[in-house]
Visitor: 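Quick one: the structure is below, and I'll ask about it shortly.
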Amino acid sequence: MPAKNDGPEEGGNPTKSEQTRALILETAMRLFQERGYDKTTMRAIATEAGVSVGNAYYYFAGKEHLIQGFYDRIAAEHRVAVREVLDRETELEARLAGVLRVWLDIATPYHEFAVQFFKNAADPDSPLSPFSPESEHAREEAISLHREVLAGATKTKVPEDLRDILPELMWLSQMGLVLYWIFDRTPERERSYRLAERGTKLTARGVYLARFRVLRPLVREVHELFTDFLPGMTKVLPTPGSKSEGDAVS
């Protein structure tokens with residue numbers, strides 16, 4: 001059964017159902033940090049939250065769906081926190097740098113927790129993977145934020161045929177930063193912040209160069225490489241050797 005995802009009532013006041021859902025999620029995050037992801041059961045989460053096991057499963061079909069709730073929460077917090085940056089900055093490099101710095105700030109309290117469940121998230125078949133179908137909502141939220149980064153960069157002209165491609169490539173660049181951040185053991189993850197700063201310069205330069213017609217095929221080819229082979233972004237392809245494979249190629 002899919003996770004229950006009731007929204008707040010009109011006017012911004014959360015319903016009792018939404019409060020219960022938030023309580024279960026908060027409890028799960030705390031237990032994951034204290035006991036580790038693998039050692040935390042849904043029964044333990046329900047007990048700590050003061051709800052029945054059946055009620056916990058009503059809102060979250062399993063631990064994996066709790067992680068999806070975590071992804072969604074991080075994405076929502078990030079979108080709110082970057083608003084000041086996006087409203088203030090109009091240069092692409094400054095906008096992108098702000099988005100990445102804010103993400104690192106938001107994610108700081110969850111660093112050890114992220115390290116614990118990364119071994120599960122790294123499995124391309126796991127619903128915890130950021131590229132999984134289950135992570136689609138959080139992934140699309142993040143990509144849409146990069147669309148806004150580009151759209152608000154008033155001095156950066158983005159060719160129309162690259163407007164859907166570049167935000168996805170920018171998000172993939174952010175995923176590279178996330179992977180580095182997970183393994184970063186420097187004080188206050190200072191190397192991750194440095195990587196974000198230097199990576200932003202390269203990304204902004206790449207976007208600028210993409211406006212030249214001669215380089216656009218290269219950008220599209222890089223994007224096609226990811227969409228053809230990267231789990232989660234891969235288009236629906238026929239099973240190798242199946243009859244439909246030949247039809248797709250022809």
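In this text, all values refer to a predicted model and were calculated from it rather than measured experimentally. Reckoned from all heavy atoms, side chains included, excluding hydrogens, waters and symmetry mates.
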Visitor: Evaluate whether atom CD of Glu84 has more than 12 neighbouring non-hydrogen atoms of other residues, nucleotides or ligands under 6.0 angstrom away.
Guide: no
Visitor: With heavy-atom distances below 4.5 Å as the criterion, would you say the side chains of Phe70 and Phe32 are in contact?
Guide: no
Visitor: Return the minimal non-hydrogen interatomic distance between Ala114 and Trp181, and the atom names on each side.
Guide: CB-CZ3, 3.8 Å
Visitor: Over all heavy atoms of both residues, which pair between His137 and Asp72 is shortest? Give the atoms and the distance, please.
Guide: ND1-OD1, 3.2 Å
Visitor: Under 3.5 Å, is there a donor-acceptor pair linking the side chains of Arg139 and Tyr71?
Guide: no
Visitor: Go through the side-chain N and O atoms of Glu134 and His65 and say whether any donor and acceptor fall under 3.5 Å apart.
Guide: no
Visitor: Look up atom OG1 in Thr200 and atom CZ in Arg198, then write down how far apart they are to the nearest 0.5 Å.
Guide: 12.0 Å
Visitor: Does a salt bridge link Lys39 with Glu34, judged by any charged N lying under 4.0 Å from a carboxylate O?
Guide: no
Visitor: Evaluate side chain to side chain contact (heavy atoms under 4.5 Å, CB included) for Arg185 paired with Arg191, printing each intermediate quantity in order.
Guide: CA-CA 9 Å; Arg185 288 294 182 272; Arg191 287 185 66 87; over 6 Å; no
Visitor: Side chain to side chain contact (heavy atoms under 4.5 Å, CB included) for Ile45 and Phe60? Distances and angles first, verdict last.
Guide: CA-CA 11 Å; Ile45 293 168; Phe60 298 96; over 6 Å; no
Visitor: Are Arg88 and Val85 packed together at the side-chain level, in the sense that at least one heavy-atom pair is separated by less than 4.5 angstrom?
Guide: yes
Visitor: Taking the side chain from Arg147 and the backbone from Pro167, do they hold a donor-acceptor pair closer than 3.5 Å?
Guide: no
Visitor: Considering all heavy atoms of both residues, which atom of Arg95 and which atom of Val149 are nearest to each other, and what is their separation?
Guide: NE-O, 2.9 Å
Visitor: Given salt bridge (Lys or Arg N to Asp or Glu O under 4.0 Å), test Arg30 with Glu26 step by step and report yes or no.
Guide: CA-CA 6 Å; Arg30 175 171 58 81; Glu26 292 288 346; over 6 Å; no
Visitor: Could you check whether Ser135 and Ser132, counting side-chain N and O atoms only, form a donor-acceptor pair closer than 3.5 Å?
Guide: yes
Visitor: So Gln174 and His146, do their side chains get closer than 4.5 Å, heavy atoms only?
Guide: yes
Visitor: Going through the checks in order, is the side chain to side chain contact (heavy atoms under 4.5 Å, CB included) test met by Leu172 and Phe131?
Guide: CA-CA 10 Å; Leu172 285 170; Phe131 302 104; 3.8 Å; yes
Visitor: If you measure only the distance, is there a donor-acceptor pair under 3.5 Å linking the side chains of Tyr193 and Asp105?
Guide: yes
Visitor: How close do Arg211 and Arg216 get, heavy atom to heavy atom, and via which atoms?
Guide: O-NH2, 3.1 Å
Visitor: Whether the side chain of Lys155 engages the backbone of Glu91 through a donor-acceptor N/O pair (distance < 3.5 Å, no angle test) should be reported.
Guide: no
Visitor: Would you say Val158 and Thr156 make side-chain contact, with heavy atoms under 4.5 Å?
Guide: yes
Visitor: Less than 4.5 Å apart, any side-chain heavy atom of Glu48 and any of Leu31?
Guide: yes
Visitor: Using a strict 4.0 Å threshold on nitrogen-to-oxygen distance, state whether Glu112 and Arg189 make a salt bridge.
Guide: yes
Visitor: Ignoring hydrogens and angles, state whether a donor on the side chain of Arg79 or Ser144 is under 3.5 Å from an acceptor on the partner side chain.
Guide: yes
Visitor: Would a 4.5 Å heavy-atom cut-off, applied to side chains only, mark Glu136 and Gln68 as touching?
Guide: no
Visitor: Check Leu150 against Val207 and note the closest heavy-atom contact, atom names and distance.
Guide: CD2-CG1, 3.9 Å
Visitor: Leu86 and Leu145: side chain to side chain contact (heavy atoms under 4.5 Å, CB included), yes or no, with the steps?
Guide: CA-CA 10 Å; Leu86 296 181; Leu145 182 59; 3.8 Å; yes
Visitor: Please check if the number of heavy atoms outside Tyr180 that lie under 6.0 Å from its OH is greater than 12.
Guide: yes
Visitor: Can you name the nearest heavy-atom pair linking Leu177 to Ser192, along with the distance?
Guide: CD1-O, 3.5 Å
Visitor: Regarding Tyr59 and Ser17, is there a side-chain donor-to-acceptor distance under 3.5 Å anywhere?
Guide: yes
Visitor: Can you confirm whether Leu66 sits close enough to Met42 that some side-chain heavy atom of one is under 4.5 Å from a side-chain heavy atom of the other?
Guide: yes
Visitor: Test your reading of the model: is there a side-chain donor-acceptor pair from Lys63 to the backbone of Thr40, 3.5 Å cut-off?
Guide: yes
Visitor: Should Leu169 and Val219 count as side-chain neighbours, where that means a heavy-atom distance under 4.5 Å?
Guide: yes
